[in-house]
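A quick write-up on the structure given underneath.
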2 protein chains.
Amino acid sequence: MLKTLDRGLHALRTIGQHVDGLLTAELAKELDVDRAIAYRIVSTLEQHRMVVRQPDGRLVLGSAALDLGNRFLPQFRRLAAPVLERLTALTDAAAFISIAEGRFCTAILVSEPHKALFTVSYRVGSSHPIDQGAAGIAILAGRPATDDDAPEVREARTKGYALTTGALQKGAIGVASPILPVRRTGAGLEACVGVVAMEDLDTERAIREVTAAAIEIARLVST
Amino acid sequence: MLKTLDRGLHALRTIGQHVDGLLTAELAKELDVDRAIAYRIVSTLEQHRMVVRQPDGRLVLGSAALDLGNRFLPQFRRLAAPVLERLTALTDAAAFISIAEGRFCTAILVSEPHKALFTVSYRVGSSHPIDQGAAGIAILAGRPATDDDAPEVREARTKGYALTTGALQKGAIGVASPILPVRRTGAGLEACVGVVAMEDLDTERAIREVTAAAIEIARLVST
DNA sequence: ACTAGGTGTGCGATAAAAGGAAAAGAGAAA
DNA sequence: TTTCTCTTTTCCTTTTATCGCACACCTAGT
């Protein structure tokens, strides 16, 4: 374990947690290191554009942080694609992975069954309000509980999956399960995996496979 | 400058650049360090979930990378908000900042003029195809030139701004300018700043102020 | 069996970072 | 103005974390 790198990454996380930014001296306190050390860490992070100093001296994340996040998604797709294909094969339904984007929920990866004559079309990039549909509810269920969670979100949280019928499209059945960090640390990945089909869905089996897939994917990204 | 942290950040970037992931030994070559060093760097990054080892040993970015990217946006909004407000005041038009999201272009921050009786509504979160509208064209113009750039993108790239009339809404005039990294390194932030108004826009002035704002915001995030 | 390429670990030498202290700068209050 | 306070930066000595070679293991291909 490289101590200097470790501290730098802690610094990054800490800076990310403060929406209003923080002063280098404050960062030093949070990291419990000498101020001189904090300044050295910050200057290194600055060189990589991971953090930026505002005119008033407060530190916030820099554009390289966004870049890194954007580069995560393509890799994640490749990583999760095999799992999703297997889920499709096992359930004979269209499988998807969706992530939260503000108040919406967007499909970032879809796998459709080969044999089916016609499938429920769920395109990559398509999004819907996060409080509707199995996917959105599953993502909300993956977040820490709050007082104003909808009943279906609470239910999904205890059961570990969300099931909706006709929520987004008439006659469509959706099952989705949140992809939770293996060790619950921070918000991290707000995503879910699920399947959607027209009525002809073996619900029992879909629930079993979807939840299994969620666990498997979670392990893939956070082992 | 902390050497260990510097190497770690280089490693992160390198891993992010390889969509298919790379082996630790390959990473060592790219960083031009001893393999032992690469292993130690990787193990530290792994502990922070910044990278994950696939079953086959290849390294890809982990969920913490996405988390970091998500935390950038709120901070960026705060950072850019004052500039945007000033832009609104100077041009008497609705000002916005948009970023690329795949094939779409999404507004992440909007500032509307106070005095105006009614304004062009450009809501935060609203998105449109990236090849339409001043915002999308400006973002495309901020990318490196390619052979299949549309003429209006080429024009925007040389001029430094995009101007469209009625592209997204009848009667609306839009001016937007890409927010370019101060030192052109990598893709980074694919964003633009602009204003939109109904016909009554002092175009000359808008162009001047919008390009100035783009430069100022670029400095804010990458100084 | 042997090679080649990837992986993982131990250890002494030394380059690199820690950390105290103090100077330099920037504001705010007196 | 002067005098605070707080942040930022530089300097320098000590300490230790890191380097980089080494060795051992594993797997697949010849």
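Only heavy atoms go into these numbers, but all of them, side chains included; no hydrogens, no water, no symmetry mates. Only a predicted model underlies this, so the values are computations on that prediction, with no experimental measurement involved. Naming convention: chains lettered A, B, ... in sequence-line order (proteins, then strands); numbering from 1 in each chain.
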Review point. Which pair of heavy atoms, one from A:Leu22 and one from A:Glu26, lies closest together, and at what distance?
Key: CB-OE1, 3.1 Å

Review point. Using a cut-off of 4.0 Å on non-hydrogen atoms, how would the nucleic acid contact of B:Arg58 be classed: base, sugar-phosphate, or nothing?
Key: nothing

Calculate the interatomic distance between [X] atom [atom1] and [N] atom [atom2]; express it in whole Å.
X       : N      : atom1 : atom2 : value
B:Asp56 : D:dT27 : CG    : C1'   : 14 Å
B:Asp32 : D:dC19 : CG    : C1'   : 14 Å
B:Asp6  : C:dA17 : CG    : C1'   : 14 Å
A:Ile37 : D:dC12 : CD1   : P     : 19 Å
B:Leu27 : C:dG6  : CG    : P     : 13 Å
A:Leu2  : C:dA16 : CG    : P     : 14 Å
A:Arg35 : D:dT5  : CZ    : C1'   : 12 Å
B:Lys3  : C:dA16 : NZ    : C1'   : 8 Å

Check your understanding: Is any side-chain N of the basic residue among A:Glu216 and A:Arg86 closer than 4.0 Å to the acidic one's carboxylate O?
Key -> yes

Is any side-chain heavy atom of [X] less than 4.5 Å from a side-chain heavy atom of [Y]?
X       : Y        : value
B:Asp20 : A:Arg78  : yes
A:Ser98 : A:Cys192 : yes
A:Val33 : A:Arg7   : yes

**Study point:** N/O (side chain, A:Thr24) to phosphate O (OP1/OP2, D:dT7) under 4.0 Å
**Key:** no

Check your understanding: Is any side-chain nitrogen or oxygen of A:Thr4 closer than 4.0 Å to OP1 or OP2 of C:dA16?
Key -> no

Check your understanding: Which of these nucleotides, C:dA18, C:dT7, D:dG20, is closest to any side-chain atom of B:Tyr39?
Key -> C:dT7

Exercise for review: Please tell me which of the listed nucleotides, D:dC19, D:dA17, D:dT8, lies nearest to the side chain of A:Arg53?
Suggested key: D:dT8

Revision key, fill the gap. Assign each of B:Glu26 and B:Ala36 the nucleotide of DNA chain C bearing its closest heavy atom; nearer the 5' end lies the nucleotide of B:Glu26

**Study point:** DNA chain C: 5'-proximal contact among B:Arg40 and A:Val33 (nearest heavy atom)
**Key:** B:Arg40

